[in-house]
Amino acid sequence: IEAGAPFGLRQAGARAYSSVATESGWIASPLPAIYTGEKMRPYREWLGAHSFEAVASLGGSYHSDDIADYYLTPWDLDYGRVVKFDHDFIGRAALEEMAKRPHRQKVTLVWDRDSVLEVFAGLMERGAPPKMLEMPTAHYAGHPYDRVVSAGRTVGMSTSVAYSANERAWLSLAMVEPGLAETGTGLSLIWGEPGGTPTRPTVERHRQMEIAATVYPWPIHEETRRRYRNRR
């Protein structure tokens, strides 16, 4: 801290730290792709009952009975641009095959102000409230995934929900179909658990809400895009 003082470095606190990942476009904790496949069975059997992989929870409106649907690819995370096939590594053949397919694209979703205000207004009304938006980051599961929709059709998933004091807006990071990744595209996401009656006692009963959102690049800050994202 002393060394950084001449450069304006100062302590901002852990609460501020948790919102930085969303602003910078970093998905910190993708679901580990270890829950399927016979080759991973020895690893799963080796893991302890209290390991991160054993106790981490899924949450959000995105739901599938196939755990593999929650796995993310390097292209989902926008790491496809740094995947190189000029050397041998474990999984190379699978990635070479995957590289030929269409890929979802990572974007920032800027949540519509009026939609967010409806969520907060609903917290003060009778009946089942919307899922609470905790500030600055509304993470209530180890791996939160919400459904992104367009005209009622699921077109991707959203994660890393946070309020940005810099943007004066609620943001999330999303992986959407390539045709919907253009800046300015209007989409929606479903906020809250399916049915609104979660099985975990740490999640309150609530009702789902549809949140309008607009597609923006990541990171959301233009200066950060020019300097931080362009690093290889």
Side-chain angles (χ1 to χ4, degrees), residues 8-30 56-62 72 76-78 105-125 128-149 156-176 181 183-193 196 198 200 202-225 227-229:
L9 181 69
R10 57 179 177 168
Q11 289 180 299
R15 299 288 286 175
Y17 174 83
S18 65
S19 64
V20 173
T22 304
E23 288 188 349
S24 67
W26 179 48
I27 297 178
S29 183
S57 59
L58 283 169
S61 61
Y62 184 86
L72 302 182
D76 287 331
L77 300 169
D78 201 25
Q105 294 184 23
K106 186 169 75 172
V107 299
T108 301
L109 291 182
V110 177
W111 292 21
D112 177 74
R113 175 181 180 274
D114 290 338
S115 289
V116 172
L117 290 178
E118 286 182 18
V119 172
F120 281 99
L123 297 175
M124 295 176 283
E125 298 171 353
K131 178 72 189 73
M132 179 181 171
L133 277 169
E134 184 177 358
M135 296 179 73
T137 48
H139 302 169
Y140 60 92
H143 303 288
Y145 295 114
D146 293 309
R147 216 164 39 97
V148 178
V149 297
M157 59 172 64
S158 167
T159 188
S160 302
V161 180
Y163 172 75
S164 167
N166 295 308
E167 295 298 318
R168 298 295 192 269
W170 281 86
L171 313 173
S172 63
L173 300 175
M175 294 133 285
V176 300
T183 298
T185 301
L187 298 173
S188 296
L189 62 94
I190 308 301
W191 176 245
E193 299 283 305
R200 297 193 303 281
T202 55
V203 180
E204 77 279 13
R205 294 189 64 183
H206 58 271
R207 57 186 169 91
Q208 286 187 327
M209 296 280 288
E210 183 169 341
I211 308 290
T214 303
V215 170
Y216 279 82
W218 76 270
I220 187 69
H221 307 308
E222 182 179 357
E223 179 64 17
T224 309
R225 284 198 303 275
R227 298 176 61 185
Y228 168 78
R229 186 184 173 186

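Along the sequence shown, residues carry numbers from 1.
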Distance in Å, [X] [atom1] paired with [Y] [atom2], rounded so as to fall on 0.5 Å steps:
{"X": "L72", "Y": "M175", "atom1": "CG", "atom2": "CE", "value": "5.0 Å"}
{"X": "M209", "Y": "E118", "atom1": "CE", "atom2": "CD", "value": "5.0 Å"}
{"X": "L77", "Y": "K106", "atom1": "CG", "atom2": "NZ", "value": "6.0 Å"}
{"X": "D146", "Y": "L109", "atom1": "CG", "atom2": "CG", "value": "10.0 Å"}
{"X": "H139", "Y": "T159", "atom1": "NE2", "atom2": "OG1", "value": "6.0 Å"}
{"X": "L117", "Y": "W170", "atom1": "CG", "atom2": "CH2", "value": "11.5 Å"}

- Message: Under a plain distance cut-off of 3.5 Å, with no hydrogens placed, do Y140 and E204 share a side-chain donor-acceptor pair?
- Response: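 No, no side-chain donor-acceptor pair sits under 3.5 Å.
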- Step by step, would you call L173 with T108 a side chain to side chain contact (heavy atoms under 4.5 Å, CB included)? CA-CA 5 Å; L173 300 175; T108 301; 3.9 Å; yes
- Message: Counting only heavy atoms from other residues, nucleotides and ligands, does the tally under 6.0 Å from CD of E125 exceed 12?
- Response: yes
- Do other residues, nucleotides or ligands put more than 12 heavy atoms under 6.0 Å from F120 CZ?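 Yes.
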- Under the salt bridge (charged side-chain N to carboxylate O under 4.0 Å, His left out) test, residues paired with R113 that sit two or more places apart: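 With neighbours one apart ignored, the set is empty.
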Heavy-atom closest pair, residues [X] and [Y]:
{"X": "L123", "Y": "P130", "result": "CD2-O, 3.5 Å"}
{"X": "V148", "Y": "A174", "result": "CG2-CB, 4.3 Å"}
{"X": "S172", "Y": "L189", "result": "OG-CD2, 4.0 Å"}
{"X": "T22", "Y": "S160", "result": "OG1-O, 2.8 Å"}

Side chains of [X] and [Y]: does their closest heavy-atom pair fall under 4.5 Å?
{"X": "L133", "Y": "W191", "value": "yes"}
{"X": "P144", "Y": "V161", "value": "no"}
{"X": "W218", "Y": "I27", "value": "no"}

- Message: As a quick check of understanding, evaluate side chain to side chain contact (heavy atoms under 4.5 Å, CB included) for Y163 and S19, giving each step before the final call.
- Response: CA-CA 7 Å; Y163 172 75; S19 64; over 6 Å; no
- side chain to side chain contact (heavy atoms under 4.5 Å, CB included) evaluation trace for H143 with S29: CA-CA 7 Å; H143 303 288; S29 183; 3.3 Å; yes
[X] side chain to [Y] main-chain N or O, any donor-acceptor pair under 3.5 Å?
{"X": "S61", "Y": "R147", "result": "yes"}
{"X": "Q105", "Y": "D76", "result": "no"}
{"X": "S115", "Y": "A212", "result": "yes"}
{"X": "S57", "Y": "G142", "result": "yes"}

- Query: Which is it for H206 and M132 under the side chain to side chain contact (heavy atoms under 4.5 Å, CB included) test, yes or no, and what are the steps along the way?
  - Reply: CA-CA 8 Å; H206 58 271; M132 179 181 171; over 6 Å; no
